[in-house]
Each structure stands twice: as structure tokens, then as C-alpha cells.
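Throughout, residue positions are numbered sequentially from 1 according to the sequence presented. All values derive from a computational prediction rather than experimental measurement. In listed order, ligands and their atoms are each counted from 1.
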Amino acid sequence: MSTTLSVSLGARSYPIFIGAGLLADPGCYRPYIPGRQVTIVTNETVAPLYLAAVQSALEGYRVETVILPDGEVYKTQAVLERIYDALLGARFSRDSTLIALGGGVIGDMAGFAAACYQRGVAFIQVPTTLLAQVDSSVGGKTGINHPLGKNMIGAFHQPRAVIADTATLDTLPGRELSAGLAEVIKYGLIRDAAFFDWLDTNLTALRECDPAALAEAIRRSCENKAEVVAADEHEAGERALLNLGHTFGHAIETGAGYGNWLHGEAVGAGMCMAADLSARLGWLSAADLQRTRDLIERAGLPIAAPPELSAERLLELMAVDKKVLDGRLRLVLLRGIGSALVTDQFDPAHLRATLGG
Ligand code: NAD
Ligand code: GLY
């Protein structure tokens with residue numbers, strides 16, 4: 001059984017297909033490929049598992065494949081060049097299409113290449129991690145890391161379609177599944193208290209990879225994400241709430257060295273830190289802080305930054321954040337479970353206390 005959602009962006013609206021076995025379904029791709037030239041961008045882990053299925057859906061097209069090394073550490077300008085090399089080497093034109101087959105790293109990189117190649121070509125997201133299926137493949141944020149800051153070079157470029165084949169999660173390592181759950185829990189915390197309750201009840205089933213529970217979590221996450229993106233595509237307001245825990249998390253990821261902490265793990269700890277600060281400010285009750293920590297911990301995620309990152313170092317890293325405006329750090333904080341805000345109105349002493357300083 002499959003579900004189709006839509007991201008409503010006028011003429012640039014696109015479908016999100018969710019279901020088992022969609023990877024090899026030509027009907028999910030063909031209407032969204034403008035020309036005859038297709039480049040599949042994937043990595044050396046995902047290619048042996050799923051490349052053949054995607055290729056089988058693309059009979060009749062001229063298909064090139066770019067297989068990148070696997071890992072956050074390769075989400076760089078140098079590795080991105082390999083995609084341009086392949087596109088130019090094949091003489092692919094402006095009506096060619098990129099297909100991102102993999103997790104968020106591949107989706108962000110292939111999407112950014114599509115945004116830049118000949119000033120923008122079509123692309124399709126085929127996410128194969130839970131994190132990518134619930135978050136990164138939807139909404140058009142694309143980009144790469146810089147040694148001084150995560151996701152600092154990028155562009156908004158919406159895909160033509162998102163094809164989330166839930167059967168690909170069968171091969172996903174448990175640690176990666178937990179990382180994806182961080183972004184799932186995020187939707188409950190920022191705007192969907194009923195979903196948070198559902199997650200509380202169904203977390204064990206999710207960690208055991210129960211297919212019905214996973215499909216429901218992906219559907220509800222994508223519904224939330226699609227609503228936010230449709231309301232605020234370029235993050236002028238509400239979309240910033242999707243960064244709950246990310247300012248803390250990006251500081252942890254950069255400070256620990258890209259790839260040492262998974263993005264979702266850093267977001268899990270970051271959301272606990274945002275909840276802690278919210279509680280110190282008197283906005284979140286002690287009971288809701290405890291519920292937040294418990295759910296994140298039960299998801300198999302860390303609930304604090306690594307001890308070797310001092311408050312000083314974290315503050316320094318947090319200053320390189322896309323939400324910094326006029327030199328003032330703005331954070332996504334919680335007013336309760338299901339309600340979030342972006343604010344720079346907090347006492348720095350409370351922030352220091354949260355950071356352990
Ligand atoms: P990832 O892309 O590194 O994938 C995690 C690991 O799983 C990799 O080793 C990958 O090769 C492997 N893998 C992928 N699919 C698999 C499968 N089906 N079976 C077995 N192994 C599989 O990490 P991720 O968690 O998917 O994404 C994290 C990235 O996404 C970060 O770079 C983060 O910044 C970005 N992100 C972007 C957005 C956005 O809106 N664009 C949102 C959230 C996160
Ligand atoms: N993952 C944050 C966003 O898409 O806005």
C-alpha cells in the first residue's frame with residue numbers, strides 16, 4: 001500500500017510517494033523527468049543495494065551514474081565537483097535530470113549540483129534513510145559543508161518528486177534508524193503534540209522496524225514538513241522552527257568532527273539542550289522536559305553534548321549559525337510539547353548553564 005502527499009508550491013508543487021517497493025516503479029519517475037538524459041547520484045554503500053532497481057525504472061533514457069564516497073566528511077566542494085565532471089563529460093544539457101539515491105548527504109549534494117548545473121536542472125529525491133524520508137528530501141534545502149560551518153554553502157532548489165521506498169529501511173543500520181527518529185520526534189515537539197503522544201506509544205515498534213509504524217511515522221512527518229514548507233518556503237518565519245536543536249546540534253557535529261556524531265544524534269542531544277534552556281526560562285514544565293528527554297533517550301539517541309566540548313567552544317561554534325542576525329544568536333525554544341518559537345530573548349547565563357559552563 002502506498003500514500004501520496006503533496007508539497008503545495010503553486011506551479012512548483014510536487015508529490016511525495018511513500019510505500020514499499022516504489023524504487024523500481026517507472027510511474028513514480030517518468031512524469032517528472034523533462035528530457036531524455038538522467039544522472040543518478042548515489043554512494044558506494046547504497047549503489048550495490050538499490051542502484052539496479054532505480055536503473056530498471058529508467059529504461060529508454062540515457063542514464064549516467066555517479067558513485068560518491070560514503071559519509072558526511074565527503075559533503076564538500078571537492079567531492080561535489082565530481083558530479084559536474086560527470087554531467088559535463090556526458091555533455092548533458094539543461095533539460096537533463098539528476099536523481100539523488102541515498103541518505104541526506106547524497107540528497108543535499110545532488111540537489112545542490114542540480115541547483116547550480118547550467119543555473120538549475122530538474123532533480124528527483126529518492127531517499128533511502130529514515131532521516132532523508134522524513135526530512136531532508138522534502139523542502140528543497142540543498143548544500144554542502146564548509147570546514148568552518150555545517151551546511152553553510154547551499155541553495156533552495158525544490159525537487160520534482162520525492163520517492164520514499166519504505167522497504168529500503170530494511171537494510172538501514174539501527175544507529176541510522178535512531179538518527180532518523182530524532183527528526184521525527186522534532187515534528188511532535190515543535191507543532192504536533194498528538195504525534196508526540198503517538199510516538200510515545202509506538203516508539204518500541206518503530207525501533208523494531210515495524211513496517212506499519214514506520215510508514216505512519218513517515219507519513220505524519222512528511223505531512224508536517226509539507227505544511228511548513230508550503231507556508232514558508234524560504235524560511236522567513238515558521239520554517240525556522242524545523243531547526244529545533246540544530247544550532248546546538250550543528251555545533252556538536254562541527255566540534256566533534258564531521259561524521260563522528262551522526263546528524264540525527266547531534267539533533268537529539270541538541271533538542272534536549274533546547275528543552276533544558278526552555279525549562280530554565282520557565283517556559284517548559286519539568287514534567288515535559290522529562291518526557292522529552294525520555295523519548296529521545298528511548299529512541300537510542302544521546303541527550304547531552306560530548307563532555308570534551310566546553311561551553312566556551314560550543315558558544316564559539318554556535319555563533320556560526322544561519323539564524324544569527326545582527327550578531328545576535330537566535331534559538332528555537334519550546335513553550336510546551338507541540339509549541340515552539342524562535343527567540344533571542346534569553347539570559348546568556350541560562351544558556352551557559354545549559355551548556356554546562
Ligand atoms: P547519510 O546520508 O550519511 O546516510 C547515513 C548512512 O546510511 C550512510 O552511510 C549511507 O550510505 C547509509 N545508507 C543510506 N541508505 C541506506 C540503506 N537503505 N541501507 C543501508 N545503508 C544506507 O545520513 P542521513 O542521516 O540520511 O542524512 C544526514 C544529512 O542530511 C546531513 O548532512 C544533514 O545536514 C542533512 N540534512 C538535510 C536536511 C535538509 O533539509 N536538506 C534536513 C536534515 C538533514
Ligand atoms: N531541515 C530543516 C528544513 O528543511 O527547513
Side-chain angles (χ1 to χ4, degrees), residues 7 23 41-51 53 67-76 100-112 115 125-145 149-159 162 164-184 186-187 190 209 221-222 224-229 231-247 249-250 253-254 258-259 261-268 270 322-323 332 342:
V7 182
L23 217 55
V41 181
T42 185
N43 74 22
E44 56 206 1
T45 304
V46 176
L49 295 169
Y50 301 116
L51 180 58
I67 300 179
L68 300 178
D70 181 8
E72 184 75 35
V73 75
Y74 297 109
K75 194 176 159 183
T76 61
L101 172 66
V105 169
I106 287 296
D108 281 11
M109 292 182 79
F112 189 41
Q125 289 273 18
V126 185
T128 62
T129 62
L130 180 62
L131 184 140
Q133 294 186 356
V134 300
D135 189 357
S136 62
S137 64
V138 176
K141 278 191 184 176
T142 71
I144 53 171
N145 298 329
K150 172 123 176 103
N151 291 339
M152 277 290 153
I153 316 295
F156 284 100
H157 187 57
Q158 298 292 343
V162 178
D165 184 338
T166 51
T168 61
L169 302 181
D170 290 348
T171 55
L172 195 69
R175 189 176 166 199
E176 299 290 349
L177 190 88
S178 288
L181 288 173
E183 305 281 13
V184 174
K186 175 183 81 179
Y187 297 111
I190 61 169
C209 284
S221 298
C222 286
N224 272 291
K225 178 120 192 207
E227 280 175 22
V228 174
V229 170
D232 179 22
E233 181 182 6
H234 293 122
E235 202 168 304
E238 185 187 359
R239 186 164 181 173
L241 302 181
L242 292 174
N243 295 318
L244 175 70
H246 284 58
T247 304
H250 286 165
E253 271 187 278
T254 309
Y258 295 134
W261 274 53
L262 300 182
H263 175 74
E265 291 172 340
V267 168
K322 292 190 278 313
K323 281 185 302 307
V332 185
V342 182

[atom]: which protein heavy atom is closest, and how many Å away?
atom                    : answer
atom 15 (N) of ligand 1 : T128 OG1, 2.7 Å
atom 1 (P) of ligand 1  : V105 CG2, 3.9 Å
atom 31 (C) of ligand 1 : E72 OE1, 3.2 Å
atom 5 (C) of ligand 1  : E176 OE1, 3.2 Å
atom 14 (C) of ligand 1 : T129 CG2, 3.2 Å
atom 38 (C) of ligand 1 : S136 CB, 3.2 Å
atom 28 (C) of ligand 1 : L131 CD2, 3.9 Å

Could you tell me whether [X] approaches ligand 1 through its side chain, its backbone, both or neither, with non-hydrogen atoms closer than 4.0 Å?
X    : result
V138 : neither
N151 : side chain
H263 : side chain
K225 : side chain
N43  : side chain
L169 : neither
T171 : both
L172 : both

Under 4.0 Å from a heavy atom of [X]: give me the atoms of ligand 1 that qualify, with their elements.
X    : value
D70  : 8 (C), 9 (O), 10 (C), 11 (O)
D135 : 42 (C), 43 (C)
T45  : 11 (O)
E183 : 43 (C)
T168 : 17 (C), 18 (N)
Y50  : 18 (N)

Within the side chain of [X], is there an N or O that forms a donor-acceptor pair under 3.5 Å with the backbone of [Y]?
X    : Y    : answer
T42  : I67  : no
D232 : E238 : yes
T254 : G149 : no
E253 : L262 : no
K225 : V138 : yes

Given L169 and C209, is the side-chain contact (heavy atoms from CB on, under 4.5 Å) satisfied, shown in steps?
CA-CA 8 Å; L169 302 181; C209 284; 5.9 Å; no

May I ask whether K150 has any heavy atom positioned less than 4.0 angstrom from an atom of ligand 1?
yes

Regarding [atom]: of the candidates [options], which has the closest heavy atom?
atom                    : options                : answer
atom 41 (N) of ligand 1 : K141, K75, K186        : K141
atom 13 (N) of ligand 1 : L68, T42, V46          : V46
atom 37 (C) of ligand 1 : L177, I106, D165, D108 : D108
atom 24 (P) of ligand 1 : A132, A100, G104       : G104

Would you say N151 and K141 make side-chain contact, with heavy atoms under 4.5 Å?
no

Taking the side chain as C-beta and beyond, is there a heavy-atom pair between T171 and Y50 under 4.5 Å?
yes

Run through all N or O atoms in ligand 2 and write down each protein N or O closer than 3.5 Å, as a pair with its distance.
unit_1	atom_1	unit_2	atom_2	d
ligand 2	1 (N)	D135	OD1	3.2
ligand 2	4 (O)	K225	NZ	2.5
ligand 2	4 (O)	R239	NH2	2.8
ligand 2	5 (O)	K141	NZ	2.9
ligand 2	5 (O)	R239	NE	2.7
ligand 2	5 (O)	R239	NH2	3.4

Determine the interplanar angle of the H234 and F156 rings, folded into 0 to 90°, and report it as parallel if under 30°, tilted if 30 to 60°, perpendicular if over 60°.
perpendicular

Go through the steps to decide whether L49 and T168 satisfy the test side-chain contact (heavy atoms from CB on, under 4.5 Å), and finish with yes or no.
CA-CA 9 Å; L49 295 169; T168 61; over 6 Å; no

Does H246 form a side-chain contact (heavy atoms from CB on, under 4.5 Å) with K186? I'd like the steps, not just the answer.
CA-CA 10 Å; H246 284 58; K186 175 183 81 179; 4.0 Å; yes

T166 meets the side chain to side chain contact (heavy atoms under 4.5 Å, CB included) criterion, sequence neighbours left out, with I18, A20, Q133, I218

